[in-house]
Student: 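Quick one: structure below, then a few questions.
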Amino acid sequence: MEYTHILIRYGELTTKGKNRKTFIATLYENIKRKLYMFKNLEYEKNYDRIFIKLNGNDIEKIKKELNLISGLYSYSFVVKVENDLEKIKEVALKFALESNNKTFKIKTHRNDKSFPYVSDTINREVAGHILKNSNLKVDVHNPSLLLQIEVRPEGSYVFDNAFKGIGGYPLGVGGEALLMLSGGIDSPVAGFMINKRGLTYQAIHFASPPYTSEAAIDKVKDLLKKLTVFQKEIKLHIIPFTELQVAIYDNANESYAITLMRRMMYRIASMVASEEKCLAIVNGESIGQVASQTLESINTINEVTSLPVIRPLACFDKLDIIEISKMIDTYDISIRPYQDCCTIFEPKNPVTKPRIDRCEEYEAKFDYLSLIEKCVKNREIIKIKFEEEIDEFL
Amino acid sequence: MIYFDYAATSFVEDEILDSYYKFLKENFANANSLHHLGVVNASYLEKARNQIASFFGLNSKEVIFTSGASESNNLSLKGIAFKYQNRGKTIITTRLEHSSISQTLEQLERCFGFNIKYIDVDKEGKIDLKSLEKMIDNDVILVTICAVVSETGHRLNVEEVGKMLKNYPKVFFHVDATQLIGKMPLNVENMDLVSFSAHKFYSLKGVGCLLKKQNVALEPLINGGEQEDGLRAGTSNVGAIMMMSKSLRIAYLKMNERYSYVKKLFDYLYEQLSLLEGIEINSSLNGSPYILNFSVLGYRNEVLLNEFSSKEIYLSSKSACSSKDKGLSNIVKYLYCDNKRALSSLRVSFSYRNTIEEIDIFIKNLNEIMKYVKKVN
């Protein structure tokens, strides 16, 4: 069947009272941005639906993108016809003939009350037409083809499919968090997950030049650029971490280096968060994945901050995380092989059950507070924006 | 001077030349170098890749940069042949392909024991899907068909072929779209590999592209580096690639406008030629308007070309890549089974810069030349 439009439903969203208008406007913008690579789509939004005219675009590809938009409840590919019962019958029959189904049912939703036939009449008329002209039989309980008809003022929509979106809330309606972004596979997925709940985020990245390269920072920027299809602008804080990192290695037992480094990162992130009015720290930690992510480690590390730390991936398996990262198209960037500040100076035997008192002992040996303040003060701030705009050389 | 040989190559647009000069002055580093300059150039390269991917609705990993369409064609055919030869050794093609396809296949047949089969194309450029389907057996691993025939401009029904071939997941489908890209839209959805070259759409020579779907693996032809996902070693030609992307963007922007203008030129020349005696038109009205091929019966095309050239009118007899052989066009011969017609064929190929006045001058000269040049048998 040659579908002409996509019909998008907001679902749960429609019950949200006064915020409704903002929610829908945000969702509308997010959908447009997510589908920007499809040329000549035409959009139309109204009270309870968004319609997108396909103009021949590939529906399988569009489906992939729609499945990643938060706040989108469900959608269908539909054929639009004039509000004329004969035309509706004709299209419905075409659906029936082109499908391989043996039984069918018609379900009409008459939104346009000026249409001269009530839903039940439309059901009967269309079903009669199909019965007369095809081999399909009616089955109202368990039809293999469920044909739906929506009669609206601007036209009628006939369709045989409905797909569930990821739900959640449209982005930008839930406040802001600070995402710790290393450049690996997990953290971009964590960013996507909180976007899905309607939160926006800023990102913080720790760089240790010359031990980490410019290419590693580029990698982070490229990741964020990918993520701007979900959140159109992301503020990135790049922390010059070298001096502090070297100080840790000079003052602590090697096996404690990672734990101490993570404590410092949390402290810095908390300070940046409070300056930027972010209400939570988010990261890609997954319980047990590495030494610093055992429950004992998380406990020891988390102790330095009073901000809520959200770990959307805490209970995910690595393979599931990889699957999502492929879906949101960050995987290929994440696996670029550059050193980040967690992988340089990697200790041979990191401690898996670090003790808070030992950490405090090491930290007392040097003036980490002034080093942290320096990190925060000298951070570089870059805004990564969604761009369709073209480079001067392109 | 009148230039009617745009299917061979085009001028470079001023905007491209200026931009290229400016870009190259600043950005000369190797995109694989780890230092700042290299990283900057690598990011330019990826931007170009993303942009080109977006024109075709592809993922950026599906865009491979090459030195041009001939290399893209070689890489596709040999790359598939070498990679999948244990699945089968038969390749299906047409008699209308560019020499970088036909001779590559000939090499695969001669040196590597592949079997080449030919599917018929009718005078309107249509391939009968049922006949093609009949040719597909367990040994077929690849079908390669051009989108627009370089000599005659016939538009082949590659989209339909691609759709049909989806029923044969073992068979890869390559499309040589060199004479189409930048001039007409192409839906690459059901194609596994698509070749094209930048210099056909007013950009630089020495750079081209192979669109390669992610499910396709190729054996590289040039080994020695990790560039282009390990498929094509050699320092990336970032400047030229940027310009290819830019030219393609402009081409898409102006595609409709240019197409309808050139279609007017085509129709006008077609009409003028129809009024002359002894002319047979070898192109189809449903083909690309950018190419009009016709035969001046009884005359050797080489002689005509020389005469036109002395009057500063430049056209060709067939694809520039095979025009060093004798003047006979195998493609015209195949389509019309007529040696006389194949020996006297000329190809006029347009750009948006040609004019109706140029066509008038051309027709006037053709009339004169036909009067004083001797016919041959």
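Note: hydrogens, waters and symmetry copies are ignored here, and every other heavy atom, side chains too, is used. Per chain, numbering begins at 1; letters A, B, ... match sequence-line order.
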Student: Top residue by heavy-atom pair count (under 4.5 Å) with chain A, among B:Met243, B:Met242, B:Glu15, B:His35?
Tutor: B:Met242
Student: Is the number of heavy atoms from other residues, nucleotides or ligands under 6.0 Å of B:Lys205 NZ greater than 12?
Tutor: yes
Student: Determine whether more than 12 heavy atoms belonging to other residues, nucleotides or ligands lie under 6.0 Å from atom CD of B:Glu133.
Tutor: yes
Student: For atom NZ of A:Lys53, decide whether the heavy atoms of other residues, nucleotides or ligands shown that lie under 6.0 angstrom number more than 12.
Tutor: no
Student: Other residues, nucleotides and ligands only: do more than 12 of their heavy atoms fall within 6.0 Å of CG on B:Leu34?
Tutor: no
Student: For the CG atom of A:Leu394 and the CZ atom of B:Arg249, what is their distance to the nearest 0.5 Å?
Tutor: 7.5 Å
Student: Check whether more than 12 heavy atoms from other residues, nucleotides or ligands sit under 6.0 Å from atom CD of B:Glu26, and answer yes or no.
Tutor: no
Student: Just verifying a value: how many Å separate A:Lys61 NZ and B:Asn59 CG, rounded to the nearest 0.5 Å?
Tutor: 9.5 Å
Student: Just how far is it from atom CD1 of B:Ile241 to atom CZ of A:Phe393, taken to the nearest 0.5 Å?
Tutor: 15.5 Å
Student: Any idea which of A:Asp218, A:Asp329, A:Asp222 has the most non-hydrogen atom pairs under 4.5 angstrom with chain B?
Tutor: A:Asp218
Student: At a heavy-atom separation under 4.5 Å, does B:Lys22 approach chain A through its side chain, its backbone, both, or neither?
Tutor: both
Student: Can you tell me if A:Glu29 has over 12 outside heavy atoms packed within less than 6.0 Å of its CD?
Tutor: yes
Student: How far does NZ of A:Lys225 sit from CG of B:Asn50, to the nearest 0.5 angstrom?
Tutor: 9.5 Å
Student: Is the count of non-hydrogen atoms from other residues, nucleotides or ligands lying under 6.0 Å from B:Gln214 atom CD greater than 12?
Tutor: yes
Student: Quick check: are there more than 12 heavy atoms from other residues, nucleotides or ligands sitting under 6.0 Å from CZ of B:Phe28?
Tutor: no
Student: Which pair of non-hydrogen atoms, one from B:Lys246 and one from A:Glu392, has the smallest distance, and what is that distance?
Tutor: NZ-O, 2.8 Å
Student: Please output the residues of residues 40-47 of chain B in contact with chain A, using a heavy-atom cutoff of under 4.5 Å, in numerical order.
Tutor: B:Ser43, B:Tyr44, B:Lys47
Student: Is it the backbone or the side chain of B:Asn187 that comes under 4.5 Å from a heavy atom of chain A, or both, or neither?
Tutor: neither
